[in-house]
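What follows is a set of notes on a single structure, which appears directly below.
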Protein chains: 2
Amino acid sequence: MNDMTFHAETRAPIPQSTAVICSRCVARNACLPSGIGTLDILRLDKLVGYRRRLARDEVLFRKDQPFAMIYAVRFGHLKSSRPDHRGHPHVTGFYMAGELLGLDAIYAGRHACTTVALEDSEVCEIPYSRFQESMHESLPLMQRFHAALSHEIVREQNALLHADMSGAERLATLLLDLSARYAERGYSGRRFRLRMSRADMGNYLGLTIESISRLLGRFRDEHWIALDKREIELLDPGRLEALLSAAPGEPGVSHEEE
Amino acid sequence: MNDMTFHAETRAPIPQSTAVICSRCVARNACLPSGIGTLDILRLDKLVGYRRRLARDEVLFRKDQPFAMIYAVRFGHLKSSRPDHRGHPHVTGFYMAGELLGLDAIYAGRHACTTVALEDSEVCEIPYSRFQESMHESLPLMQRFHAALSHEIVREQNALLHADMSGAERLATLLLDLSARYAERGYSGRRFRLRMSRADMGNYLGLTIESISRLLGRFRDEHWIALDKREIELLDPGRLEALLSAAPGEPGVSHEEE
DNA sequence: CGCTTACTTGAGAGACTTCAAGAGTTGTGG
DNA sequence: CCACAACTCTTGAAGTCTCTCAAGTAAGCG
């Protein structure tokens with residue numbers, strides 16, 4: 001449960017940059033090094049010379065800032081948000097070890113969202129222009145990056161499916177998504193800590209904080225989850241999945257087509 | 001109004017493949033050739049040797065099909081959809097001239113959505129492996145492609161902001177988005193034809209067909225739009241934008257931050 | 001230990017959905 | 001070329017879900 005926790009005695013002045021080696025990174029299997037050869041990992045090592053520590057609530061980059069770096073999460077958790085049409089911030093995603101940040105900035109040359117640390121975290125800085133040169137030299141590296149970009153598109157599409165889901169379904173989706181991502185990283189997908197506030201969850205899912213609270217309470221009462229503050233245990237993941245697959249009166253058959 | 005209309009006498013047997021020249025394509029400014037040099041456009045020409053015609057309702061590719069090509073829309077309109085957690089298809093986007101299709105397939109090597117033509121349309125086929133080789137040779141081409149991928153991420157994020165919007169706001173967003181994309185392409189952003197059914201609009205926005213119908217009716221009654229079947233004219237785009245920027249009792253100031 | 005922040009819980013209001021029916025379009029075959 | 005069938009869209013009424021408003025409790029931080 002206390003897996004990915006990072007204890008910082010100080011919160012303000014934190015060492016800024018230290019050398020890093022991808023091939024030994026705990027996040028390597030979820031990150032750019034995944035699936036590429038030793039030679040290309042060495043290339044990454046030279047590229048990713050520095051990492052950056054962030055205290056909780058510290059901003060990694062702000063919307064509209066000029067784009068220069070992409071970032072890979074080493075440990076900790078971050079959230080991205082961008083103003084909606086009303087100017088209110090809307091959470092667009094949560095990020096954990098191995099995931100890439102800043103990809104949405106390539107298009108316009110400026111960051112499309114603001115990203116802050118949900119807890120003390122560390123990210124690798126990858127200068128984008130040098131990264132481009134490396135990709136130009138290494139086809140596998142380029143392919144790996146394209147896959148990462150494509151993956152991000154698919155993830156956004158998944159989030160898009162929330163549109164006509166009920167509150168319970170949306171919350172179940174988030175819990176199962178987090179669970180799967182922890183499991184992918186070798187952590188428990190059954191017990192984990194919700195790094196974000198109820199407000200962030202609600203904002204991300206398009207629900208109010210009160211609805212989140214009530215839904216979590218309902219899930220707890222149904223014994224689908226156990227809950228203690230932000231510690232959560234999925235007692236019956238199957239029921240959560242069932243929430244999604246079967247609608248009232250509908251079989252869970254996957255018939256697509258328009 | 002009849003701008004992008006394509007008349008096909010026959011609907012079943014359609015010529016499948018013809019040579020194409022990017023530098024003369026009407027969609028070039030919205031497509032891959034945009035912003036790259038003449039030399040690289042020639043490179044694209046050699047790459048994009050063939051195009052494919054689609055009759056209305058014809059499937060371009062299906063979810064889970066092996067990924068081999070990306071596609072660029074020459075003319076016409078298409079929609080992508082993927083099954084939601086209930087197995088019902090959910091529209092993930094509408095595509096028009098110059099836009100790229102199939103980007104979400106790079107990650108898994110299989111298409112993540114099913115894409116069909118909303119009307120008679122034509123797309124360019126770009127063999128992905130050969131495209132990769134070209135990008136490996138040409139840095140500008142690679143950069144252009146990264147921008148396209150990043151753009152797609154931003155677009156998905158925009159759609160994601162729908163989460164806590166009212167039905168009226170969602171519909172206004174779609175109408176203004178379509179309007180802007182037509183304007184970008186040199187067509188009227190004020191009068192255009194809705195290529196998709198009310199059902200598709202509702203599905204995309206997470207609303208029922210009845211809600212779409214009622215909302216369009218309300219917009220018409222308020223004289224914000226004129227409507228005749230699927231022909232629409234934005235009589236007062238400012239009011240539609242106002243719907244989005246100012247919430248009941250809220251100034252439209254853009255204060256971000258968590 | 002007191003204040004701020006995070007979360008929980010309750011009651012009423014509003015928005016969208018669901019169910020149901022009807023009108024308008026489009027396409028096809030006689 | 002018209003008539004019927006299928007499909008798309010519109011409109012109405014009741015129901016449900018989530019939001020809004022309002023306290024109140026618990027936890028974290030100085």
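The figures that follow rest on heavy atoms only: side chains count, while hydrogens, waters and symmetry mates do not. Sequence lines set the chain letters: A, B, ... in the order given, protein chains first and strands last, and positions in each chain run from 1.
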Run the side chain to side chain contact (heavy atoms under 4.5 Å, CB included) check on Leu118(A) and Tyr95(A) step by step: do they pass?
CA-CA 9 Å; Leu118(A) 288 169; Tyr95(A) 296 88; over 6 Å; no
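- The separation between Leu118(A) atom CG and dT5(C) atom P is 18 Å, rounded to whole Å.
- Glu119(B) pairs with exactly one of Arg193(B), Arg195(B), Lys79(B), Arg56(B) by the salt bridge (Lys or Arg N to Asp or Glu O under 4.0 Å) rule, that one being Arg195(B).
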Could you go step by step and tell me if Leu160(A) and His162(B) meet the side chain to side chain contact (heavy atoms under 4.5 Å, CB included) rule?
CA-CA 9 Å; Leu160(A) 220 125; His162(B) 288 168; over 6 Å; no
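- At a threshold of 4.0 angstrom between heavy atoms, the contacts of Arg230(B) are confined to the sugar-phosphate backbone, with no base atom among them.
- In this structure Leu215(B) satisfies the side chain to side chain contact (heavy atoms under 4.5 Å, CB included) test together with Ala168(B), Leu171(B), Leu207(B), Arg218(B), sequence neighbours excluded.
- Note: NE2 (His88(B)) to P (dT17(C)) measures 15 Å, nearest angstrom.
- In this structure, the CG atom of Asp200(B) is 14 Å from the C1' atom of dC7(D), given to the nearest Å.
- The CG atom of Leu171(B) sits 16 Å away from the P atom of dA15(C) (whole-angstrom rounding).
- Note: CG (Leu227(A)) to P (dA26(D)) measures 16 Å, nearest angstrom.
- Atom CD1 of Ile209(B) is separated from atom C1' of dT11(D) by 12 Å (rounded to the nearest Å).
- In this structure, Glu58(A) contributes its side chain and Ala55(A) its backbone to a donor-acceptor pair below 3.5 Å.
- In this structure a side-chain-to-backbone donor-acceptor pair under 3.5 Å is missing from Glu122(B) to Phe75(B).
- Using a distance-only test at 3.5 Å, with no hydrogens or angles considered, no donor-acceptor pair links the side chain of Thr114(A) to the main chain of Arg62(A).
- Here Ser213(A) lies in heavy-atom contact (under 4.0 Å) with a base.
- Checked against a 6.0 Å centroid threshold, the rings of Phe192(B) and His77(B) do not count as neighbours.
- Look at CZ on Arg220(A): it is 8 Å from P on dT8(C), rounded to the nearest Å.
- With hydrogens and angles ignored, the 3.5 Å screen pairs a side-chain donor or acceptor of Arg170(A) with a backbone N or O of Leu205(A).
- For the pair His162(B) NE2 and dC16(C) C1', the interatomic distance rounds to 16 Å; values are reported in whole Å.
- The overall bend of the helix from dC1(C)-dG30(D) to dG30(C)-dC1(D), read as the angle between its terminal helix axes built from five base pairs each, is 50° when rounded to 10 degrees.
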Return a single string for nucleotides 12-24 of chain D, one symbol per nucleotide in 5' to 3' order, where B is base contact, S is sugar-phosphate-only contact and - is none, cutoff 4.0 angstrom on heavy atoms.
BB----SSBBB--
